[in-house]
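Numbering of ligands and ligand atoms starts at 1, following listing order. What you are looking at is a predicted structure, and each value in this text was computed from that prediction instead of being measured.
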Amino acid sequence: MTLPRESWPKSVTITPLTSPPDVTLNPPGSKSITNRALLCAALAQGSSTVSGVLLADDTEAMLHSVQGLGAGLDLDRDRCRAVVQGRDPRTDHSAVTLQARSSGTTSRFVLPVAAVRAGRTTVDGTEQLRARPFGPLLDALRGLGGRLEGSGPAADRLPVQAAGGAVGGEVCVPGHLSSQFLSGLLMAAPLMEKGLHLTLSSPLVSVPYVTMTMAVMEAFGVQATREDDGSFRVSPQAYQAANFTIEPDASAASYLFGAAAISGGRVTVEGLGTGALQGDLEFVRVLEQMGATVTMTATSTTVQGPSVLRGVDIDMRDISDTAQTLAAVAVFADRPTRVRGIGFIRAKETDRIGAVVTELRRAGIDAVEHDDGFTVNPGRPVPTAFETYDDHRMAMSLALLGLKVPGVVVLDPQCVSKTYPNFFDDLARVGK
Ligand SMILES: O=C(O)C1=C[C@@H](OP(=O)(O)O)[C@@H](O)[C@H](O)C1
Ligand SMILES: C=C(OP(=O)(O)O)C(=O)O
């Protein structure tokens, strides 16, 4: 269902499964890798071909932004392939506005580039994005010489105006709020005169995303290194054009794997296997702990749901985009599930801990909120029209309940277009 946002229905009713699924599915390209590859290609000398690009709100935001940054773009939407002609932002004196929509990654990745760009750059987004934290990133960029100021009601939020100036050097950033600050700084660092030496003032969450950042940078010819003391170092370097292929989105795949887990069926996702770049593929190991059988090859991952699903006690700080998926799966386990380490997801599209607990409780499930996560006590959900809080992951997670019980309605389903516009079509395929 790839529809313009305003053409979406007001709700989608989920059809329960009539038998355990046995399907092979191909979710779209990874949002996180798409947004890194597009940016690195836009900063590179020469023409890059990026294949397997996700076409969704968050990546449309980056596609728009790289053009704003002066890159040439030839996009083949049918083939999900982008040819990007890079442009050095340090030689571009034009004034531009970059609309990051609701995309945390786009905004946190382009702000550091705006801080090295010659011309004036305004970075803005939706009200939802304006409510999310940017302070540590703005402080870090100012510490590196960047001229940035908040031009809205709050100085440490979007919209932000940048006027270059970041020469690099030493910087210290907190790691406990979002890894995106770090990824953004690392990607812009090769363009900084003095490079970057970055230390963390608090433990890093979402660590695999930083590893992904370094891997994508390397594919575009630049090195970022992690030192023995845990700090990061990047010297001034030039990005090189590359041909780069993006694997399917592992966070999107979590809903499909979750469907297998709760139904005792089998779901295979192609294109995600042992060499995958995305930490969120580790979600299948959580399902394995719950009793599912996981088979991974170099090019695919299969989850076979168990006859009895076990509740787990687990820290999800590195794979927090799959925490809501687990909340939905946990409803059908044989004992409670406790999720820890994810207090920071209260500052994502919505307060994800509060939202998922509220909605599960409305469905008659005894879910409990904690500062750092939640507990789900299993039960039988009653028919419920779920609110989705303009959060794609609320919609996609709660939809799973509808595969098991009748009467599950997902309200404002268009929010899935942030990362997975065809989600409801793929979910319906699970039932075929
Ligand atoms: O770098 C990335 O691509 C992302 C990092 C994570 O954010 P945080 O680092 O803020 O947890 C994740 O939730 C987001 O969907 C994508
Ligand atoms: C948190 C998310 O996205 P972002 O931070 O990129 O907006 C997400 O996709 O779940």
Shortest heavy-atom approach to atom 5 (O) of ligand 2 - which of Lys348, Glu349, Arg132: Arg132

Ligand 2 versus Arg101: contacting region, heavy-atom distance under 4.0 Å: neither

Geometric N/O contact Ser103 with ligand 2, under 3.5 angstrom: no

Donor-acceptor pair, side chain of Lys404 and main chain of Phe332, under 3.5 angstrom: no

Location of contacts on Thr105 toward ligand 2, heavy atoms closer than 4.0 Å: both

Residue part near ligand 2, for Gln324, under 4.0 Å between non-hydrogen atoms: neither

Proximity to ligand 2 by part of Ser251, non-hydrogen separation under 4.0 Å: neither

Ser102 neighbourhood, listing ligand 2 atoms whose heavy-atom distance to it stays under 4.0 Å: 7 (O)

Main-chain N/O of Val408 paired with Thr384 side-chain donor or acceptor, under 3.5 Å: no

SB check Asp315 Arg340 (cutoff 4.0 Å): no

Atoms of ligand 2 close to His392 [distance to a heavy atom under 4.0 angstrom, numbered from 1]: 8 (C), 9 (O), 10 (O)

Side-chain donor/acceptor of Tyr209 to backbone N/O of Ser32, under 3.5 Å: no

Val329, Thr302, Thr301 screened by side-chain contact (heavy atoms from CB on, under 4.5 Å) with Phe257, the one that passes: Thr301

Phe244 and Phe220 aromatic centres sub-6.0 Å: yes

Side-chain donor/acceptor of Arg362 to backbone N/O of Ala385, under 3.5 Å: yes

Per atom 10 (O) of ligand 2, closest listed option by heavy atom (Gln180, Arg393, Lys31): Arg393

Numbered atoms and elements of ligand 2 in range of Lys418, under 4.0 angstrom, heavy atoms: 3 (O), 4 (P), 7 (O)

Sequence-distant partners of Asp426, salt bridge (charged side-chain N to carboxylate O under 4.0 Å, His left out), two or more places apart: Arg429

Residues lining ligand 1 [heavy-atom distance under 4.0 Å, listed by chain and residue number]: Lys31, Ser32, Arg36, Thr105, Phe109, Ser178, Ser179, Gln180, Ser206, Tyr209, Asp321, Phe344, Lys348

Salt-bridge present (Arg77, Glu60; N to O < 4.0 Å): yes

Backbone of Gly104 reached by a side-chain donor or acceptor of Ser107 within 3.5 Å: yes

Donor-acceptor under 3.5 Å (Ser320 side chain, Arg317 main chain): no

